[in-house]
Amino acid sequence: MQHQVLILDFGSQYTQLIARRVRELNIFCEIFPYNSKSFKVEDYKAVILSGSPFSVRAEDAPHPDLSAIKGKLPLLGVCYGAQFMAHNFGGKVGASNTREYGRANLSYIKKDDLFFENVSEGSQVWMSHSDTIVNLPSNFELIGSTHDVKNAAFKIKGEATYGIQFHPEVYHSKDGLTILKNFLVNIAGLQQTWTPDSFVETTVAELKEKLGNDKVVLGLSGGVDSTVAATLISKAIGKNLYCIFVNNGLLRKNEFENVLEQYKHMGLNVKGVDASARFLKELAGESDPEGKRKIIGRVFIEVFDDEAHRIQDVSWLAQGTIYPDVIESVSATGGPSATIKSHHNVGGLPDFMKLKIVEPLNTLFKDEVRRVGRSMGIDDELLGRHPFPGPGLGIRILGDITAEKVRMLQEVDHIFVQGLKDDGLYDSVWQAGAMLLPVNSVGVMGDERTYEKAVVLRAVESTDGMTADWVNLPYEFLQKTSNKIINGVKGVNRVVYDISSKPPATIEWE
Ligand code: XMP
């Protein structure tokens with residue numbers, strides 16, 4: 001992968017947004033904590049310093065050594081990054097008299113500077129800082145101000161070094177993308193060549209080189225990441241990629257058959273393994289959420305491992321890990337935090353498999369995975385699927401799991417999700433599903449008393465699943481869906497809609 005832009009992270013909540021905006025310009029970039037040892041500055045063509053929750057005046061604030069960067073590579077400091085440069089090179093940073101959050105307008109810009117090409121005075125920018133640059137060092141030139149912030153943008157004379165107090169990466173900075181483009185293209189001279197097609201081309205070439213004639217095994221889940229990873233690897237090594245799609249008996253109605261058919265249609269070398277009976281047998285009598293997860297995870301590994309051992313001489317395990325799972329971030333207490341998540345459905349493979357790991361998507365954000373998938377011709381329906389947890393309906397059936405409960409929930413889920421699709425609501429919801437509660441309630445059907453199960457419908461909006469809010473689905477839709485469920489699914493006589501946000505609730509009930 002060609003290195004282009006290095007983003008040094010000082011812990012801002014917006015750092016990932018800088019990366020996404022740079023990549024929207026078709027320029028590849030990577031994020032590292034400012035004090036990481038995992039990158040070499042000389043590999044890059046430009047550097048961006050992020051914002052930070054710290055004040056440069058605080059004793060424990062990050063103080064990076066910029067000697068290998070400043071004056072040698074085009075450099076842009078954003079918010080904290082700009083304040084750090086001003087503070088470190090002889091200027092003065094102090095607390096702002098007023099809080100400076102939200103909307104501001106550029107009241108002055110140096111019009112003949114390439115940095116502000118196609119940006120007009122008055123352009124809205126977004127501020128989020130409590131310190132301000134009081135004085136610039138003498139060799140800094142003021143190139144932009146807002147009404148409240150005089151030193152809102154500067155450059156260092158004779159260098160391609162810039163600093164801005166506002167955040168070009170947030171969507172509310174109207175010309176933010178133009179400003180980033182001006183810096184990266186006009187000033188740093190970078191080419192905008194990093195497109196989904198070019199990613200596919202380079203990645204396939206790299207995979208060919210790396211994997212040669214080796215055999216690779218991959219667990220398909222029906223989700224976007226594993227499907228796109230499989231398609232890329234398959235393009236590189238064809239039938240030497242062995243995909244395994246396990247039916248744990250906790251998938252959605254007809255999902256195993258439908259998705260397996262789709263995979264075969266796509267030309268993937270895939271084996272469907274129906275292990276539903278084994279999973280249900282092992283889960284029998286277990287009601288504890290963590291207990292269920294552990295059983296599902298363990299049995300998955302056993303089944304996967306059995307299948308992988310049937311393939312002679314396999315040497316790699318492929319995974320659909322994506323960039324947010326591997327970015328190290330700077331914690332609010334300084335220093336890179338050690339939390340590199342390794343959340344995947346496989347839950348870690350047993351040591352004895354001793355496979356090398358290949359993760360072709362580990363530099364991409366989720367929306368980029370979709371774009372890469374689209375550029376390889378993967379069906380939009382597959383790419384637009386809602387996330388679905390590895391343990392499947394197992395963590396949506398509260399209490400113990402039986403084949404009958406799975407059937408009931410599959411029917412309920414199908415009516416709900418198909419209804420969202422039919423009414424054009426599916427794409428405006430991030431995730432939707434149903435839970436089966438372990439309680440019976442009294443109802444009346446015809447003249448008969450019923451004493452049957454209650455189900456919960458849940459639909460949320462979110463961007464990454466970390467926080468979420470319930471979706472305000474139209475009453476008519478809820479009414480229609482409730483009727484269909486109660487009339488159509490034997491054993492259910494009550495439907496409720498979950499109106500809890502995350503936090504404090506979670507998306508799944510277990
Ligand atoms: P929670 O319930 O923690 O869920 O708010 C956040 C997102 O993660 C999904 N989820 C999982 N995905 N394996 C997965 O692959 C799991 O064990 C798992 N648990 C929760 C959940 O569906 C939601 O999208």
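Remember, it's 1-based here, ligands and their atoms both numbered in the order they're listed. Here, residue 1 is the first one in the sequence, and each next residue gets the next number.
- Contacts with ligand 1 closer than 4.0 Å are made by no heavy atom of Trp509, backbone or side chain.
- Judged purely by distance below 3.5 Å, without hydrogens or angles, the side chains of Tyr80 and Ser55 never pair a donor atom with an acceptor atom.
- Residue-level proximity to ligand 1 for Ala468 is absent, since no heavy atom of it falls below 4.0 angstrom.
- In this structure, of Pro389, Pro391, Pro387, the residue bringing a heavy atom nearest to atom 11 (C) of ligand 1 is Pro389.
- Across Arg396, His386, Arg293, Gln431, heavy-atom proximity to atom 19 (N) of ligand 1 is greatest for Arg293.
- Numbered from 1 in the order shown, with element, the atoms of ligand 1 that lie under 4.0 Å from a heavy atom of Lys502 read 1 (P), 3 (O), 5 (O), 6 (C).
- Of the polar atoms of Ile395, none of the N or O atoms is found under 3.5 Å from an N or O of ligand 1, judged by distance alone.
- Aromatic ring centres of Phe54 and Phe10 lie farther apart than the 6.0 Å criterion allows.
- Taking each of Gly465, Gly392, Gly390 in turn, the one with a heavy atom nearest to atom 14 (C) of ligand 1 proves to be Gly390.
- A cation-pi arrangement, defined by a distance under 6.0 Å to the six-membered ring centre and an angle within 45 degrees of its axis, is absent between Arg20 and Tyr14.
- Residue Glu411 is tested with Lys490, Lys253, Lys453 for a salt bridge (Lys or Arg N to Asp or Glu O under 4.0 Å); the sole match is Lys253.
- Annotation: Tyr426 is in aromatic contact with His386 [ring centroid separation under 6.0 Å].
- Counting the atoms of ligand 1 from 1 in the order shown, those under 4.0 Å from a heavy atom of Trp430 are 24 (O).
- Close approach of ligand 1 to Thr506 is summarised as follows: ligand atoms under 4.0 Å from at least one heavy atom of the residue are 1 (P), 2 (O), 5 (O).
- A cation-pi arrangement, defined by a distance under 6.0 Å to the six-membered ring centre and an angle within 45 degrees of its axis, is present between Arg21 and Tyr171.
- Counting heavy atoms from C-beta on, the side chains of Asp469 and Val471 never come closer than 4.5 Å.
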